[in-house]
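Worksheet for the structure shown next.
Residue numbers start from 1 in every chain, and the chains themselves are labelled A, B, ... in the order their sequence lines are given, proteins ahead of strands. Because the structure is a prediction, the values reported are computed rather than measured.
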2 protein chains.
Amino acid sequence: MLTDEYRYKILKILEANPEISQRDLAKKLNISLGRVNFCLKALIEKGLLKASNFRNSQNKLAYMYLLTSQGLEEKSVITARFLKAKLQEYAKLQAEIEELRQDSHQVLNNSFHQAEIHAL
Amino acid sequence: MLTDEYRYKILKILEANPEISQRDLAKKLNISLGRVNFCLKALIEKGLLKASNFRNSQNKLAYMYLLTSQGLEEKSVITARFLKAKLQEYAKLQAEIEELRQDSHQVLNNSFHQAEIHAL
DNA sequence: TTTTCACCGTTCAACAATTGAACAAAGTTT
DNA sequence: AAACTTTGTTCAATTGTTGAACGGTGAAAA
């Protein structure tokens, strides 16, 4: 599955470092090689990336994943959309944490209550 | 899979409302019936919950999922652990959002830059 | 009484997502 | 020439999840 999270992360990494291998990309993203391969193909398919050959420092043939102009445009759209989602997540998390805080206080109060009862 | 998230949520809901059905619990948690069933069995297996029969308002036989004393103890442990994880998530999200903000600014700067070039 | 209906927990075949070992290709090293 | 390294690709296997279907049980309707 190719989510905005990986669209964003992959385009960002490749923009800064187009000659990264799929294996290193997988490590950086903490996902499997197979999934990286799937995501890259999808991004190429959609015209956001282009794979081209180049000679690396050891004069070895390797791929280079370059953002197309459409890729650059889309990256900003995806980034904005992803940021919006993250902000919503953030607000939700704030509420959840507040709720959890109240729950753990309640637990403490319960313990206290039981201690009181126990003391009778 | 039974994660802390669902351990916490299920124990919390059942403590307040032990006579809820697995279907309603599934709706409340936005997960499937099968998964709820799996989670409940796991919690019962671990001794945190106990299923007992009771007669509901329509005098119909139904289950009641009660927290055992071990379940009450564990709930506070799980809540604390889950809260801690949420706080970490929160901090990470803050950093991510900051990074995203910078990225989208960079994009704006790039657009501006290109606009400048275009104007030449 | 018998039938129908509604709701319960349980099961499990089917689906979806992900993994990573295995492979072929290409260049380098021994 | 053979062995080794690093690349992208493939796909069988694993994992996680779903929800339709089933049998059980009591209430309501026929």
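Distance NZ (Lys27(A)) to C1' (dT19(C)): 15 Å, rounded to an integer number of Å. Between Leu29(B) atom CG and dT18(D) atom P there is a gap of 11 Å when expressed in whole angstrom units. If you measure from atom CE of Met1(B) to atom C1' of dT18(D), you get 17 Å, rounded to the nearest angstrom. Following rounding to the nearest Å, Phe38(A) (CZ) and dG8(D) (P) show an atom-to-atom distance of 17 Å. Following rounding to the nearest Å, Leu33(B) (CG) and dA20(D) (C1') show an atom-to-atom distance of 10 Å. Nucleotide dA17(C) holds its P atom 14 Å from the OH atom of Tyr6(A), rounded to whole Å. For the pair Leu25(B) CG and dC8(C) P, the interatomic distance rounds to 12 Å; values are reported in whole Å. Rounded to an integer number of Å, the gap from CZ of Arg35(B) to C1' of dC12(C) is 17 Å.
Regarding contacts with the backbone of dG9(C), every side-chain N or O of Asn37(B) stays at 4.0 angstrom or more from both OP1 and OP2. Contact annotation: Gln22(A) side-chain N/O to dT7(D) OP1/OP2 distance is not under 4.0 Å. The side chain of Ser21(A) places no N or O atom within less than 4.0 Å of a non-bridging phosphate oxygen (OP1 or OP2) of dT6(D). Here Tyr65(A) reaches the OP1 or OP2 of dG8(D): one of its side-chain N or O atoms lies under 4.0 Å away. The side chain of Lys41(A) contributes an N or O atom lying less than 4.0 Å from OP1 or OP2 of dT10(D).
From Lys27(A), atom NZ reaches atom CD1 of Ile20(A) across 9.5 Å, with rounding to the nearest 0.5 Å. Note that CG of Leu33(A) is 5.0 Å distant from CZ of Arg23(A), once rounded to the nearest 0.5 Å. The NZ atom of Lys12(A) sits 7.5 Å away from the CG atom of Leu100(B) when rounded to the nearest 0.5 Å.
The main-chain N or O of Ile78(B) is never found under 3.5 Å from a side-chain atom of Arg7(B) such that the two would form a donor-acceptor pair.
Each of Arg23(B) and Ile31(B) lies near DNA chain D, and the nucleotide nearest Ile31(B) is the one positioned closer to the 5' end.
Aromatic ring pairs are classed by plane angle as parallel below 30°, tilted from 30° to 60° and perpendicular above 60°; the pair Tyr90(B) and Tyr90(A) is parallel.
The side chain of Tyr63(B) sits closest to dG9(C) out of dG9(C), dT18(D), dT18(C).
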